[in-house]
Amino acid sequence: MDRDQPAGETVTIHWEGRPVAARPGQDIASALFAAGIHVLGRSRKFHRPQGLGGIFVAGVKAEIDGMPNRRLDQTLVGAGQTIRMQNTWPNGRFDLMRLAGLIPRRWLRAGFEHPAFLPGGSRRFQLWESFLRVMAGGARPADPSLAGAMLPGERLAIDVAIVGGGPAGRKAAIEAASRGQSVLLISRGKKPGAIAAALGAALPDLPPGVALLAGWEAAGLYRRGTLLLCAPLDGGPAKLIEAQRLVLATGRRSIPPLVSGADLPGVLDLSAAVSLLSQGTDFGRTILIGTGDLQALGKRLSGMGATITATHAAAALRRVSGRHRVERAEFATDSTECDAIIHAGPWRSDPALAFQASADGVFRLGASALPGHIEIAGSAAARDEPIIHGPTLDDHAFVCPCMDVTVGEIRDLVNAGVTHVEELKRLTGCGMGPCQGFPCWDLMAAALAEITGEPAASFGHPSYRPPRGTLSIAQAAGLADLVTPETPP
Amino acid sequence: MRAEIAIIGGGIQGLMLAFCLAERGQENIVVVDAGYWQGGASGRNGTLVRPGFSSPEWTGLFSHSHRLWLGLSRRLGHNVMVSRRGYVVLAESERTAAVCEQVLRTGEQSGVELRRLPGDELRRSVPALSHQRIKSAVMFDAGGTAPHHATMKGLYAACRERGVALRYQTTVTGIERQGDSVSALQLGDERLDADCVVIAAGASSPDVARLAGVELEGRPWRLEACAIEPTRAALGPALAMLDRTVYMHQTARGEIVGGCEVEGDWAGLTLASDLPVVTHYARHLVEMLPSLAGQRILRQWAGHIHATEDFAPLLGPHPDCRGLWITAGWSYGIAGAPGGGDLLAKAIVTGEIDTRMAPFAVDRKRRGKLIREGAIVVSH
């Protein structure tokens with residue numbers, strides 16, 4: 001994330017046995033992207049190519065030094081790292097599992113772990129199930145010799161905790177500090193607010209008294225929003241934070257249009273694109289799509305080194321195609337060859353923490369008004385922009401690329417009478433992958449709205465379950481002594 | 001509206017019973033459920049199935065149930081994906097090793113397929129386990145998992161195909177009686193006449209029973225579980241660790257799913273997640289499967305069961321109200337559902353209480369006939 005890095009200094013990492021030069025300080029996904037390696041993973045069922053995209057997570061999971069499911073976009077380059085693509089056999093370079101792409105997709109609906117055409121209880125089914133268990137999950141388990149230990153965590157009380165280091169989070173931190181309150185700011189980025197700053201936002205300096213957890217993830221909110229679980233992305237000990245006041249300044253993410261090919265490697269959300277550009281990565285002929293003032297944004301991205309060849313409203317996109325990565329974008333009026341697409345809108349905020357702050361229920365978890373000590377600040381509080389799709393909903397588009405759930409699968413279930421989002425989740429696996437529901441459930445609700453004619457908001461969403469793949473067993477174990485069970489009233 | 005048999009609760013017990021009744025030729029069966037399909041414990045459990053326990057009572061019911069599990073896909077006409085990957089009960093202390101011995105003795109007397117698992121074989125099937133801690137292990141080779149998504153889907157479809165009316169998101173607001181006998185359900189403004197009513201409402205069962213003016217012993221109890229990011233097969237058999245109340249297995253999708261109990265965790269009835277279980281479970285994993293330490297937890301969730309004094313199900317007619325039947329109090333509800341459904345359907349249709357069901361009578365606490373079972377991972 002750094003231009004200041006001396007350009008000449010490189011280390012060697014190994015991708016699928018091939019040496020790749022990388023700069024210290026870069027994340028692995030960016031280093032591979034810069035080296036022209038765009039396909040970093042293969043989807044669960046259909047074995048489609050996946051890569052660094054920003055909003056969809058499955059494409060950046062790989063095995064690093066024998067540990068499965070590491071996030072390449074959140075792990076910094078280290079000399080001598082050995083990185084392997086997951087969900088391949090026998091390896092990523094010669095991958096027989098690509099044959100899965102030849103299986104008719106309809107056969108693999110409802111989760112390929114549930115084939116209707118094999119009778120249960122039969123010998124054939126037991127063999128199929130054993131085969132699935134070898135292949136499922138994609139990643140090789142960690143070697144038993146890689147034993148880890150518990151990482152003792154910490155519980156701390158603070159006046160004000162703020163999630164998000166962008167302009168709104170910083171503003172809240174400065175205000176609270178000026179009132180003499182103790183302040184803790186939690187930021188996913190190592191440099192809080194760097195993306196916003198690169199896009200021209202003014203970033204006020206944090207007062208010296210503000211405690212900073214940079215490179216940390218807010219993994220979950222518990223006990224009516226009174227207990228915030230945070231874990232560092234580098235795998236160190238986790239913390240439980242009890243804040244008198246909690247500010248959620250988590251910003252918004254851009255969601256690509258619900259069209260076929262929108263999750264191909266080379267389709268980047270704005271923050272992933274800005275991160276790559278600020279590391280000096282060139283991604284070739286780039287089309288910018290989105291909502292809002294794209295001309296000004298295009299100029300800024302060009303100024304950062306991007307080659308923007310065309311700019312379109314996101315609503316005009318009909319289809320993205322390419323064999324292993326983006327090769328062509330089709331719009332309402334024309335079709336253009338390109339190497340990358342940056343999407344900047346529609347913008348939506350991740351609802352998970354706010355949901356967990358108030359979610360309650362015996363038969364179904366539902367959110368209500370936020371507890372009084374929690375506020376949502378900045379762009380996260382702005383109204384969500386509607387998900388975009390073409391004039392007709394494309395059955396080949398993916399509502400959940402990580403779990404390979406298509407619009408067509410949702411449509412078939414709706415036609416069979418299923419419209420409850422919790423039931424759809426259980427029948428398809430939508431949102432049960434690494435993102436745990438954002439943005440997939442937004443996309444699912446948009447598909448439901450288009451199919452049924454009912455408003456998207458009327459479908460609600462399944463419950464956003466913590467900790468979303470951000471907390472390791474070792475980190476969780478280190479918190480056991482810090483929480484006592486609540487006693488009944 | 002009239003139902004020949006009204007079943008309150010559309011989880012695995014309610015649907016299995018409806019299916020068994022329909023199979024026996026019963027018509028006009030209506031199932032009502034306050035939540036959504038798979039929203040209760042039947043969609044939130046550990047999915048483990050095994051035939052043997054330490055007590056003859058549990059072993060009798062659950063070994064019958066296990067036999068039915070293995071043939072259920074054919075009966076339903078839908079693949080419920082029962083996986084006979086094996087189920088291992090692990091003991092780390094003299095106390096629980098003695099429980100394992102009892103399980104072996106009871107199993108042998110009851111003709112259950114089980115065996116003492118030699119250490120070298122356990123090492124081969126679960127290499128990542130901290131083997132030095134294990135004192136004793138019992139293997140159920142035909143045990144394993146019955147994934148709820150497949151089972152509930154198969155049951156739902158099979159019930160529909162046989163004309164059972166399934167009504168989710170429908171709350172029972174009252175149960176009417178005429179004298180000693182049940183006569184109708186109130187569903188808000190609607191009334192459903194039925195002189196045979198079954199309570200299969202999981203954690204809500206005591207509350208539902210009170211609508212009919214009768215008591216069910218036990219209390220709702222909240223449990224939690226979590227799933228670890230998927231990998232290829234790391235665990236062969238399903239595992240139950242008696243000393244730690246830990247249960248776990250790896251799904252066909254590659255996620256390791258499990259949970260444990262934490263003493264004093266009575267966090268009230270809510271589906272919201274909390275931290276004691278997930279952190280203590282993680283601590284158990286670090287000790288017992290240390291190579292999982294670096295793996296990340298994908299999601300955690302809560303669910304509710306109806307815990308009876310002895311954690312055994314309440315199965316049979318309610319002694320204080322004619323026409324009211326109970327299948328509740330399940331803590332091993334997935335393992336026991338086919339057996340419970342089969343025997344209760346038989347009792348409702350023929351009036352005959354099977355000897356395998358009789359020990360689980362609804363009023364056994366009142367009669368001082370609680371069942372002692374040590375080989376379950378839900379009791380302190």
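All of these numbers come straight from a predicted model, not from anything done at the bench.
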Option that, when pairs with chain B are counted at under 4.5 Å, heavy atom only, ranks first among [options]:
| options | result |
| --- | --- |
| A:Met67, A:Arg140, A:Met150, A:Gln436 | A:Gln436 |
| A:Leu471, A:Leu479, A:Leu146 | A:Leu471 |
| A:Gln356, A:Arg70, A:Gln475 | A:Arg70 |
| A:Pro141, A:Pro144, A:Gly148 | A:Pro141 |

Give, as side chain, backbone, both or neither, the part of [X] having an atom under 4.5 angstrom from any heavy atom of chain B.
| X | value |
| --- | --- |
| A:Thr470 | backbone |
| A:Ala149 | backbone |
| A:Leu151 | neither |
| A:Leu482 | neither |

Closest approach of [X] to [Y] (non-hydrogen atoms, all atoms of both residues):
| X | Y | answer |
| --- | --- | --- |
| B:Ser291 | A:Ala142 | O-CB, 3.7 Å |
| B:Val278 | A:Ala476 | O-CB, 4.4 Å |
| B:Val286 | A:Ala477 | CG2-CB, 3.8 Å |
| B:Gly35 | A:Phe363 | CA-CB, 4.1 Å |
| A:Pro434 | B:Leu298 | CA-CD1, 3.9 Å |
| A:Pro68 | B:Gln295 | CG-OE1, 3.3 Å |

Could you tell me which of [options] has the largest number of non-hydrogen atom pairs under 4.5 Å with chain A?
| options | value |
| --- | --- |
| B:Gln169, B:His148, B:Glu287 | B:Gln169 |
| B:Pro127, B:Ala34, B:Gly39 | B:Ala34 |
| B:Gly236, B:Ala227, B:Gly43 | B:Gly236 |
| B:Arg85, B:His284, B:His304, B:Gln250 | B:Arg85 |

Residues 225-238 of chain A vs salt bridge (Lys or Arg N to Asp or Glu O under 4.0 Å), sequence neighbours excluded, gives none
Between [X] and chain A, which part of the residue has a heavy atom less than 4.5 Å away: side chain, backbone, both or neither?
| X | result |
| --- | --- |
| B:Ile228 | side chain |
| B:Ser204 | side chain |
| B:Ile256 | neither |
| B:Arg44 | side chain |

Going from [atom1] on [X] to [atom2] on [Y], what distance comes out if it is rounded to the nearest 0.5 angstrom?
| X | Y | atom1 | atom2 | answer |
| --- | --- | --- | --- | --- |
| A:Met432 | B:Glu255 | CE | CD | 6.5 Å |
| B:Tyr156 | A:Glu423 | OH | CD | 6.5 Å |
| B:Gln300 | A:Tyr222 | CD | OH | 3.5 Å |
| B:Trp37 | A:His420 | CH2 | NE2 | 11.5 Å |
| B:Leu275 | A:Arg223 | CG | CZ | 6.5 Å |
| A:Lys61 | B:Arg296 | NZ | CZ | 7.5 Å |

Partners of A:Asp481 by side-chain contact (heavy atoms from CB on, under 4.5 Å), sequence neighbours excluded? B:Arg283
Test your reading of the model: is there a side-chain donor-acceptor pair from A:Asn69 to the backbone of B:Pro230, 3.5 Å cut-off? yes
Side chains of B:Gln38 and A:Lys425, heavy atoms from C-beta outward: is any pair under 4.5 Å? no
Would you sort out whether B:Lys153 and A:Arg426 count as a side chain to side chain contact (heavy atoms under 4.5 Å, CB included), showing the intermediate values? CA-CA 10 Å; B:Lys153 193 173 157 185; A:Arg426 284 161 174 77; over 6 Å; no
Does B:Arg160, at its CZ atom, have more than 12 non-hydrogen atoms belonging to other residues, nucleotides or ligands within less than 6.0 Å? no
